[in-house]
Amino acid sequence: LISVPCPLCGSSPSTDFVYVDEAEALDGESSTIDEWRRSLHFRANPFGPTHELWQHASGCRQVLVLTRDRVTNAIVASRLLRGRGGGW
Amino acid sequence: VLLTHQLKESYDCVIVGGGVHGLALAYYLARNHGLTRIAVFERSYIGSGNSGRNTAILRSNYLTAEGVRFYARSLELYRSLADELNFNALHDPMGHLTLGQDLGSCRRLRWRAEMSKLQGVDCEFVDAAEVKKLVPAIDLDGDGLHPVLGALWHPPGGTLRHDAVVWGYARAASALGVEIHQQTEVTGIATAGGRVSGVETPRGHVTAGLVVNCAAGSASRVAALAGVSLPIVTVPLQAAVSEAVQPFLSTVLASDALHVYFYQTPRGELVFGASTDPYPSYSSRGSLEFLETLATSVLQLIPRLADVKILRQWAGICDMTPDGAPIIGRTDVEGFLLDVGWGTYGFKAAPVAGESLAALIANGRPPDIVQPFSLDRFAAGRMVNERAASSVGH
């Protein structure tokens, strides 16, 4: 069980959260059809640290941007997605 | 004991990953097509990855015609493998029973039964009374929450010793002249003008016109070395084994609703598998919540196991594709081939994947049996929906 820090609620067990996706945002205005297709299925799936979207489903319901290492599961940063310009 | 080799300067084909898929491919390239200038690179020891971490279950009762045909061929190859490789693989065709505990899952199971029959695979939907005959220890009420309504009965399903398959393929491939380089990680893939030209290893550079990615659990990482991105998300799948108890279970028992599957080994231990972890990770650490969920599900089916102790638990690292079907064949980089995206069903597919990919390499075009599994199906929207054919919750 990993502990996920939420900027609003403090740390909670990962079971209170839902992993959403990699935090790579597609620019809906200028993307081509091929870019849309790729963004639907293809993922960086990195072996190491990455930015991810998680929703605090059993908490404040906010979507967070986590910086998490997928090899060690260590979470080094957590912030609210709200306020990021464009996309989400 | 495997031979050790000096690294040559060049090979016709480099296989990345010395697991059951990479070794099967090497074996079929050499045996079926006479290609022997082949090197298999394994970063650890052979079979150290998912080949030794799966629950060793065989079955071919999938959901699509493409899937059933593919896994049926694999089972056929597995049946004669021990004889062919002269290596005891302890094949136990104990049968595979998937419980239907709600109307939706019964509908899916009936669909799979009919699809399997159409492909000539022995599989039928049976009622609860028949389930009780096959598994007398079962609580048909499912603890009141998940009543057993019927099940998909697949007599050819069963188990086969996974490490024996690894060693058998490795020994046979080696005897045919294939070089297996253990403790040799592929750290780079060289390309020139859109073509593969070789690989980098800590022991030096090797030139090769063909490089095949057979690195289950590291598929995205290896593909990225060649500049290829994949529709894969990597997630751990945990499993566990109990202490030995008196023989009481003579089939593989799987539950759609409870996302659990288990069987009893000849030694009496119970081998369990369950859901994939709920977020992507390359960590193979086990978790307590997995054991809690597993125990809850198992006890709803077989209450008498309440006092049985778990001996150990572990995780395999699964490369999940969007449609639950694998990715086999070419990429945009000429000479860089894929045998990846094996999700939770890689072990049972190894012989057919190796045989088909070997044919693709030798003949220059993919055999019909793997054509549906090409990488370009994602952009073209030709998915092969197998996600509903697994007892593993995704």
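Letters A, B, ... are given to chains in the order of the sequence lines, protein chains preceding strands, and every chain is numbered from 1. All values reported here derive from a predicted model rather than from experimental measurement. Only heavy atoms go into these numbers, but all of them, side chains included; no hydrogens, no water, no symmetry mates.
Between chain A and the options B:A223, B:G381, B:P322, the largest number of non-hydrogen pairs under 4.5 Å is found for B:P322. When each of B:P280, B:P278, B:S220, B:S218 is scored by its heavy-atom pairs under 4.5 Å with chain A, the top score falls to B:P280.
Among the residues in residues 37-45 of chain A, those with a non-hydrogen atom closer than 4.5 angstrom to a non-hydrogen atom of chain B are A:R37, A:R38, A:H41, A:F42, A:R43, A:A44, A:N45. By a heavy-atom distance cut of under 4.5 Å, B:S229, B:L230, B:P231, B:I232, B:V233, B:T234 are the residues of residues 226-234 of chain B near chain A, going up by number.
The part of A:P46 that comes within reach of chain B is its backbone (N, CA, C, O), which places non-hydrogen atoms under 4.5 angstrom from that chain. Contacts between A:T72 and chain B at a heavy-atom distance below 4.5 Å are absent for every atom of the residue. Heavy-atom distances place both the backbone and the side chain of A:I2 under 4.5 Å from chain B.
Relative to the six-membered ring of B:Y282, A:R70 misses at least one condition, a distance below 6.0 Å or an angle of at most 45° to the axis.
Other residues, nucleotides and ligands contribute only 12 or fewer heavy atoms inside 6.0 Å of the CZ atom of B:R285. Enclosure of atom CD1 in A:I33 is not indicated, since only 12 or fewer non-hydrogen atoms of other residues, nucleotides or ligands lie within 6.0 angstrom. Annotation for B:D376: atom CG counts as buried by contact number, over 12 foreign heavy atoms lying within 6.0 Å.
Here the side chain of B:S283 pairs no donor or acceptor atom with the backbone of A:N73 at under 3.5 angstrom.
Here A:F17 contributes atom CZ and B:Y279 contributes atom OH; the two are 11.5 Å apart, rounded to the nearest 0.5 Å.
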